[in-house]
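This structure is a prediction, so every number in the text was calculated from the model and none was measured. Order of the sequence lines sets the chain letters (A, B, ...), proteins ahead of strands, with each chain counted from 1.
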Amino acid sequence: MSEILRRDPRKEWIARNRLHPQHLEVLAELGGGAASEWVGPNGLVRRNPHVVGFMGPNGLKRIDRSGVQQGAGGGGAAKAATQSKPLVEIESPAFLVAVVPDMAGGRLTGHDRDLLGLARQLADADPAAPGAVLAVIFGEHKEDGFAEAGIDRLLHLDGPDVEGFAPEARLGALVAAEEAWTPRHWLIPDSKLGGADLGRRLAARLGERPATGVWQIEASAEADLGWSCTARGAAGTLDIQRSLPRFALALAECAEPVSDTRHAASELTLPQALPAQLSRIEDLGQVAVDPAGVALSEAEFILSAGNGVRDWDGFHHAAEVLGATEGASRVAVDDGFMARNRQVGATGTWVTARVYVAVGISGAIQHLQGIQSCDKVVAINMDPGCDMIKRADLAVIGDSAKVLEALVALVEQAREEKRNAA
Amino acid sequence: MTVLVSVGRHPVTGRSRRADQDARGVELARTLPGAEIGLLHAGRLDEGNEAALRGYLGMGFDALTLIEQPESSDALPALAEALKAAPPQLVIAGERAEQGEGSGLLPYLLAERLGWPLVSGLAAVEEVSGGVATVLQALPRGQRRRLKVRLPAIVTVDAAAPAPRQSAFGPAQRGRLEVSEAPVAADVEMAEWQFKPARKRPKRLKIVKAASARDRFKAAAAKAEGGGGQVLTDVTAEQGAAAVYKLLKEEGVLR
């Protein structure tokens, strides 16, 4: 094609004339899509101020000049921000820092991220000889943010023998990793989700004395590895100052998670396949517990009811079928539909559920405070403008009773199919 | 079966007492019908410790075996020898001590030294028969997992195990402390550490990393977070339910 830019004065005129019936079509043609910017005939960038901006709260048009709201809006900007994080690649690391995240529910927990931040501190301390962070994860996962969490090398061990509660098989894999790469540090979360158990097993197997309950590290010239640490002892009543050993079991918030950089997260494999070993512990699977007996503050899955619920029998039935712990908003409790100990929010219980389903709850600020630490929030509500919808990861606008009924039918149908298949 | 007991420390007054988790372990052992239970402790015998150890005797025991060890010595060799000399079927221990390092490593080191399997965080022992114990392990969020472990084994007790019964004063005073001697292994490494009363941990600050003043203001004045959620309007109840079902299934909360 020729380099000469051809002008169509008529189209330009239409593009300038907002009242022209063909205005939008021509704009789209000239600019390609949402035409807020295009290259003009002389190579200058032309801007159309009429298509940028958004309607402000008082009905006036506002233009955000910080560059955040260009065309597509907030989501695109956020995506661009993650893309623009600098990628750090460590080709030949001087040493390795191994981390064994808990991966509760198949994702990195906050505790895991803190630990990875601590591992980065240890690895990046000497810029002349940077170390690499190796994460060892077991079983299937749903995490896609390994690179942003600060992981350079990833050892993913999958298979039926490391699924579930398999401390002996996992221990065998970690010992194999130790033999293969001999990391300078091993960091394991000191958590009930499995890290505390696995870390102590590993240290006992390798005959090294770990530091447990570590919550702070400092560079120290006297220590062997160049670091000293502060650890909690005696059921949390003592602080123990000691040099950091090779194995450390660290508490949550021991360091800031990685936020500025992206890392390679390249996959590693063990040099040899793991030997099959006879386990002396057999996992018979999780036991069904009565969800009503689980304390609200530590329940994993909560079905919560608010002012919008009319069919209370249907709600209780749905909670039973889904196997969810019941919660309630303050209105539902004050009106006498739910017990006081079921109230979620600032004046009730601060919940930590992984999945929180809010049925007919508009989302008062006190309620939203109570569900701050929930991972996934589902809202079923009639009002599309309420605050709960803004907080929710998935919102369904509709009659809550009907949606719950359909959900119960779906779950029962799936169970029936499973039973028939078995 | 043997329960390893230790001297606890009251979190408020700092006085010696029976350790909470060890007492739960004793209670757990008591729930098994027809079990022959022995109590084992390694440590120093003085006035305060004796009162605390007699707390265990008051849960219905005639005697407690005490291996005398000086303060801040390594109890592991003494306990391992004692267990090796008369191996029980099941050893129950608390998760971590309320005094000293309190690392919770002792059961793991014992298991490694004796070559026995270990299960941590038990809520209940359901059955012991034919050299296999069926146990319930407490998981976070009130969940339970059933495990089968080959005996002899070491198990540790979670806070979800049944609460210990009250210690009766009369039987506690009548019970015997059978003191025995064992070689002492000094804990050299621990002597180098500095111990201080626990400092309150600093609260994590919310750090806003923003390029422009506008972003910082926005972060400071932000009301509702999120906003990236999917909103389904004008759908039938069935479509909405299907979307919710899909999310619940992905999160793995449906059983």
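Contacts between A/A318 and chain B at a heavy-atom distance below 4.5 Å are absent for every atom of the residue. Only the backbone of A/C254 comes within less than 4.5 Å of a heavy atom of chain B; no side-chain atom from C-beta onward does. Both the backbone and the side chain of B/A242 come within less than 4.5 Å of a heavy atom of chain A. For B/L247, the part sitting under 4.5 Å from any heavy atom of chain A is the side chain, from C-beta outward, and nothing else. In this structure, chain A has heavy atoms under 4.5 Å from both the backbone and the side chain of B/E238. With a 4.5 angstrom heavy-atom cutoff, B/E250 touches chain A only via backbone atoms. Looking at B/Q21, neither its backbone nor its side chain comes within 4.5 Å of chain A, counting heavy atoms on both sides. For a residue to count as touching a neighbouring chain, one of its non-hydrogen atoms must lie under 4.5 Å from one of that chain's; by this rule B/R113 does not touch chain A. Contacts between B/L118 and chain A at a heavy-atom distance below 4.5 Å involve backbone atoms as well as side-chain atoms. Both the backbone and the side chain of B/A243 come within contact range of chain A, judged by heavy atoms closer than 4.5 Å.
Here the side chain of B/R201 pairs a donor or acceptor atom with the backbone of A/E253 at under 3.5 angstrom.
Side-chain contact between B/L147 and A/L284: absent, with no pair of heavy atoms (C-beta onward) separated by less than 4.5 Å.
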_side chain to side chain contact (heavy atoms under 4.5 Å, CB included) for B/Q143 and A/V289? Distances and angles first, verdict last._
CA-CA 7 Å; B/Q143 302 296 310; A/V289 288; 3.8 Å; yes

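Of the listed residues (B/Q239, B/R9, B/Q99), the one with the most heavy-atom contacts under 4.5 Å to chain A is B/Q99.
Looking at A/R242 and B/E101, a side-chain N of the basic residue comes within less than 4.0 Å of a carboxylate O on the acidic one, giving a salt bridge. No salt bridge links B/E112 with A/R200; every basic N to acidic carboxylate O contact stays at or beyond 4.0 Å. Ion pair A/D239/B/K200 not flagged as a salt bridge, since none of the NZ, NE, NH1 or NH2 atoms sits closer than 4.0 Å to an Asp/Glu carboxylate oxygen. Ion pairing between B/E251 and A/R107 holds under the 4.0 Å rule for side-chain N and carboxylate O. The residues B/D158 and A/K192 are annotated as salt-bridged, a charged nitrogen and a carboxylate oxygen being separated by less than 4.0 angstrom.
Within 6.0 Å of the CZ atom in A/R415, the count of heavy atoms belonging to other residues, nucleotides or ligands exceeds 12. More than 12 heavy atoms of other shown residues, nucleotides or ligands fall within 6.0 angstrom of atom CD in B/E126. Atom NZ of A/K142 has more than 12 heavy atoms from other residues, nucleotides or ligands within 6.0 Å.
Here the rule is side-chain contact (heavy atoms from CB on, under 4.5 Å) with B/V244, and of A/L404, A/V355, A/L407, A/L410 only A/L407 fits it.
For the residue pair B/A198 and A/G236, the shortest heavy atom distance occurs at CB-O, 3.5 Å.
Note that CD of A/E282 and OG1 of B/T134 are 9.0 Å apart. Values are rounded to the nearest 0.5 Å. Summarising the geometry, atom CG belonging to B/L248 is positioned 4.5 Å from atom CZ belonging to A/F301; distances are rounded to the nearest 0.5 Å.
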